[in-house]
Amino acid sequence: MTQKTIHIIGGGVAGLAIAWRLAQKNIRVVLFDKSEIGRGASWAAAGMLAAVIEAEPGEDVLIPFVLQSQTMWPNFAAELQHYTGCDVGYRETGTLFIAPERDDEGQLKQRYDFLKARNLPVEWLDRATLRKREPFLSPRVTYGFYSGQDHQVDNRALVDALHAACKKAGVELHAHADVQDIKISNDRITHLIVNGESIAVDDVLLAAGAWSGAINGLLQNVLPPVFPIKGQLLALQMDMRLPLLKHVMWTPQVYLVPRGDGRLIVGATVEDKGFDSTLTAGGILHLLRETWEALPGIEELPLIESWAGFRPTSRDDAPILGPSSIKNLSFATGQHRHGILMTPLLAATICEYISEGTLPQIAAPFTVARFK
Ligand code: GLY
């Protein structure tokens, strides 16, 4: 029997994790990334596993999916670490949501009530408890709430670990491999044109993040409705002898993610600017000002990095998974704000879809057919 082959377009955490799972099932996987492997949204992210705190009104279908993926994280991180020897920086820090300014308190209460109404596990904290947990908070912070199940992973370490796992499992990884065109006959992809070379294919998975909506060779009615939403982020370096922050922390304006090595990741703007990756004074000012309102001690910290990335956002902010209108093309895209969080479940469901032909029930609401 000939071995099944799948060609994956996109080497972010979704493409890599799916490739790893498929290779573990003895499927031949060839993966193309148009630049360095994993240097898109997967690299730019902050690594929050915030299924609870990031839940939004209108996401009732999405919430069970992200919650299930969140429960998979401890085992997924341990398995990846065991397989590769790479620590992915999975840390059970929990997450706080606070309001540094009086004007923000309404939003804080509204979010808390919204989460409570959906039976999501959040705990209201008074000023004294907040201060005990985070002694360096601004004295103006009076209330907050806590989610004890929203943790974090170091997304860059995750990229490196998945890259190593794919290599070890025999995935054929091609960086700087631009899929310039796609040849289709009788509703099947026959060839990918990659860096000028025509490659015959059996099955194809599109996992190209924000670029998934603009792949040459697919007609508009085939392309998944995915577009980039820019986020600017920065990193400060904390003094690990006296870390300024221990939990992941949100305000209505920004989030802060303290890493095990003392980096404090601050994100993120939300901008509809196409693929313009410019870092702007306004974006950085916003991040620093809002962080300073919550944590005035950042004034003393070195600013070590700033960057921008593109969330792969779909028309309804939910992922696009499984079949397309082309028989041998499937999708794993449109993760919007949850790409890192979704990785374990996305890999499991898409691997099952490609290897067994059935899309698990938990992923069924997310096919592209919902947009027709
Ligand atoms: N999940 C965080 C963000 O999209 O900025």
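Atoms within each ligand, like the ligands themselves, are counted from 1 in listed order. Numbers here are sequence positions counted from 1.
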Original post:
Under 3.5 Å, is there a donor-acceptor pair linking the side chains of Q253 and H286?
Top reply: no
Original post:
What is the nearest protein non-hydrogen atom to atom 4 (O) of ligand 1, stated with its residue, atom name and distance?
Top reply: R311 NE, 2.7 Å
Subject >> Closest contact, heavy atoms only, R311 versus H336 >> reply: CB-O, 3.5 Å
Original post:
How far is atom 1 (N) of ligand 1 from its nearest protein heavy atom, and which residue and atom is that?
Top reply: R337 O, 2.8 Å
Subject >> Heavy atom of the protein closest to atom 5 (O) of ligand 1 (residue, atom name, distance) >> reply: Y255 OH, 2.6 Å
Subject >> Residue list, side chain to side chain donor-acceptor pair (under 3.5 Å) with S306, at least two apart or on another chain >> reply: none
Original post:
Looking only at heavy atoms, is any part of H338 under 4.0 Å from ligand 1, and if so is it the side chain, the backbone, or both, or is it neither?
Top reply: neither
Subject >> Heteroatom distance test (H336, ligand 1): nitrogen or oxygen, under 3.5 angstrom >> reply: no
Subject >> W43 side, atom CH2; D160 side, atom CG - distance, nearest 0.5 Å >> reply: 4.5 Å
Subject >> Numbering as shown, the atoms of ligand 1 that approach A268 to under 4.0 Å (heavy-atom distance) >> reply: 5 (O)
Original post:
Knowing that exactly one of L264, L236, T291, V257 qualifies, which makes a side-chain contact (heavy atoms from CB on, under 4.5 Å) with L245?
Top reply: L264
Original post:
With a 4.0 Å heavy-atom cut-off (strictly under), which part of M48 contacts ligand 1: side chain, backbone, both or neither?
Top reply: side chain
**OP:** Could you verify whether a donor N or O on one side chain and an acceptor N or O on the other, from E293 and T251, lie under 3.5 Å apart?
**Re:** no
